There are 2 protein chains.
Amino acid sequence: MVQAPAQVHTRADEAFDCLQTAIVMGDLAPGEKIGEVELCSRFNLTRGPLREALGRLESRGLLVRRPHAGVKVVSVSAEELLELYRIREVMEGLAARQAAERMTDEEIRDLKATLDSHEKMIDEAQGQAYYQAEGDYDFHHRIATGSRNTKLAQMLLGDLYYMVRMYRYRLSTSAGRPHMALGEHRRIVEAIAQRDGELAEFLMKRHINAARQNIEQKIQEGVLTI
Amino acid sequence: MVQAPAQVHTRADEAFDCLQTAIVMGDLAPGEKIGEVELCSRFNLTRGPLREALGRLESRGLLVRRPHAGVKVVSVSAEELLELYRIREVMEGLAARQAAERMTDEEIRDLKATLDSHEKMIDEAQGQAYYQAEGDYDFHHRIATGSRNTKLAQMLLGDLYYMVRMYRYRLSTSAGRPHMALGEHRRIVEAIAQRDGELAEFLMKRHINAARQNIEQKIQEGVLTI
DNA sequence: TTGCTCCATTTTGTTGACAATCCGGCTCGT
DNA sequence: ACGAGCCGGATTGTCAACAAAATGGAGCAA
C-alpha cells in the first residue's frame, strides 16, 4: 500500500499484504473472528499460503490465534493505544537523534520538500485530516529509515505504525492539530539539519507526547470510543 | 527453554520453538543456508508446519528468505549489535519507569529475591559468566513484564532479547562486569521500590549504556570477532 | 426450568503429492 | 581457450485430501 513491496512473487507474501491492509483499513473489524476458508474465498487463495501469512500476522501482533479455535483480529483498548504512543515516544526520539547524526544532506533536503508538500495539502484540503494523517506517517517514515538503524526502522515500520494506523483511519486527527503538528515537524527537521541530535530527540519526544495527550483528551471527552 | 511455553500443542509452535532455540544457541550458525527438507528430518517435522514457523521467524528478523532460493540465518554485524543496545537503552528505560509506577509490592519483593539468588550464583560460580548472563536476562525479563505495557513487553521479549541472546552465548560477558551489573541492578530495584520512575529510567539507561560500551571496547580490543 | 452430558458438525491442523522455479555443470560456437 | 546458452537435478511454492479437535445444540436428569 504505502510501502511498496519490492517484488511480491510468492502467494504467501500476497496474502500477507492483503490481510495486513485489510486489517489496517478496517475491512476486518477488531475482535472479529474469521474462518480460514472464508478468507481463502475472499482473497482467492488456498489455505497453505494463507496459514503462512496468518503466522506472520500473529507474530506481529495484529491478530491472535488459539489452537483449534480460529483467529481473530486483535482489539486494542484505549489504554493500550496510549501505551503505543509511549513506546513511539522513546523509539522515535532515538530515531530522530540518530537521523540527525546520519542522514545525508540530500535526504534532509527531501525531508524539507516533503514538509512543503504537506503544507500545501493541508491548505488545499483543510478539514480533510486524512491527508495530514498520511503525510504525518510519511514524515515519521523518513525519520525512521534515516536513522540507519535497521532494527529500529524495522520495529517502527513493521510493528508499531501498522497498529497506530489501524486507528488513524477511524479517529481522524483533530481539526486544529495538523497545523500545529506541521510546525513541530519543521522544528524537528531544523534540528536535524543543524545536526543537533539531542534537540531533535527532545522535540520528537515532545511532538509525540502532544499527539498522545490530544488523543487522551478526546477519549476523556467521550469523542473517541474505542 | 528459559521461557516455558504455556502449552505447545500445535506442531508449528513446536517447530518455531525448536528453530528459535537452535538459532539462539548457535546450532544454526549465522549466514548458514539451510534446506527445508534437512530441517524437517532434523526436527522430525513435515514441511507444512515448518514453513509456517519459518514465516514467523522471518517476520521476527531472525532469518531471511529469498523466494525459491532458501532461507539463511541472519548474520548481525558488530555495528548492528551495538545498535540493538541503543534500542534497548530507550525501551528498557521506559519499561523501568513504567515498572516503578505499576509493579505490585509482591512483584518487587520477588525481584529483590531474584537479585539475591543472582548474587549467590555469581559468588559460587565466579568466572562462570554464563549464569550471570541468564540471571541478567531474568532481571530484564521481569522489568519488561512488570511495565504492564503489553506491546513493550512483547517487543522486548519477542524481538530484541532473542537477537541479543544470540550473541550472549558466544561472547560471555566480561569477568569484571557481573558484580558491577549486580550493583546497578540493585540500585534500579531500589528506585522502583521507592516508586521513583524517573530515577529508575535514568539508571536503567545508564546500565544498558555501560553494557554497550563494554562490548564496544572489547570489539575494539579485538577480543570479540563478530 | 435449569444444568449437565453426549454427540454431530464445523473448523483447524497436518500430510503427502504435484507443479513452478532456480542453481550447477555441460556443450557448443567463436 | 573462453564465454554464452542450455539442460538436468534439486529445491521451493502450491494444492487438495485426511485426521484431530473444539464449538454448539439436543436430549436427559434433577
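Lettering follows sequence order; numbering is per chain, from 1. Small disclaimer: the values here were computed from a predicted structure and weren't measured.
- The C1' atoms of five pairs define one axis at each end of the helix from dT1(C)-dA30(D) to dT30(C)-dA1(D), and these two axes lie 10° apart (to 10°).
- Taking every heavy atom of residues 33-59 of chain A and every atom of DNA chain C, pairs under 4.0 Å involve Ile34(A), Gly35(A), Glu36(A), Arg47(A), Arg51(A), by number.
- Between His68(A) and Val71(B), the residue anchored closer to the 5' end of DNA chain D is Val71(B), taking for each the nucleotide with the nearest heavy atom.
- Nucleotides of DNA chain D lying under 4.0 Å from heavy atoms of chain A occupy a range whose first and last members, 5' to 3', are dG13(D) to dT23(D).
- At least one side-chain heavy atom of Arg88(B) sits less than 4.5 Å from a side-chain heavy atom of His140(B).
- For Arg47(B), the side chain to side chain donor-acceptor pair (under 3.5 Å) partners at least two apart in sequence or on another chain are Glu36(B).
- Phe43(B) pairs by the ring pair (Phe, Tyr, Trp, His ring centres under 6.0 Å) definition with nothing, not counting sequence neighbours.
- Every side chain to side chain donor-acceptor pair (under 3.5 Å) that Glu216(B) has, sequence neighbours left out, goes to Arg212(B).
- For DNA chain C, the span of nucleotides reached by chain B at under 4.0 Å from its heavy atoms goes, 5' to 3', from dG13(C) to dC23(C).
- In terms of modelled atom types and a separation under 3.5 Å, the side chain of Ser59(A) and the main chain of Gly55(A) share no donor-acceptor contact.
- Summarising the geometry of Val74(B) relative to Pro30(B), their closest heavy-atom pair is O-CB, 3.5 Å, with the distance given to 0.1 Å.
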When the side chains of residues 64-71 of chain B are checked against the rest of the protein, which donor-acceptor pairs come out under 3.5 Å, sequence neighbours left out?
| unit_1 | atom_1 | unit_2 | atom_2 | d |
| --- | --- | --- | --- | --- |
| Arg65(B) | NH2 | Glu52(A) | OE2 | 2.6 |

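- Take Tyr85(A) and apply the ring pair (Phe, Tyr, Trp, His ring centres under 6.0 Å) test, not counting sequence neighbours, and it matches no residue.
- Checking Ala69(A) against Ala12(A), the closest nucleotide of DNA chain D that is more toward the 5' end is the one next to Ala12(A).
- Salt bridge annotation for Arg56(A)-Asp17(A): absent, with no cationic side-chain nitrogen under 4.0 angstrom from a carboxylate oxygen.
- Considering only residues two or more places apart in sequence or on other chains, Asn149(A) meets the side chain to side chain donor-acceptor pair (under 3.5 Å) condition with Gln98(A), Glu83(B).
- When the ring pair (Phe, Tyr, Trp, His ring centres under 6.0 Å) test is applied to Tyr161(B), the partners found at least two apart in sequence or on another chain are Tyr137(B).
- For the atom pair CZ of Arg42(A) and CG of Leu28(A), the computed distance is 5.0 Å after rounding to the nearest 0.5 Å.
- Legend: residues meeting side chain to side chain donor-acceptor pair (under 3.5 Å) with Arg148(B), ordered by chain and number and at least two apart, are Glu107(B).
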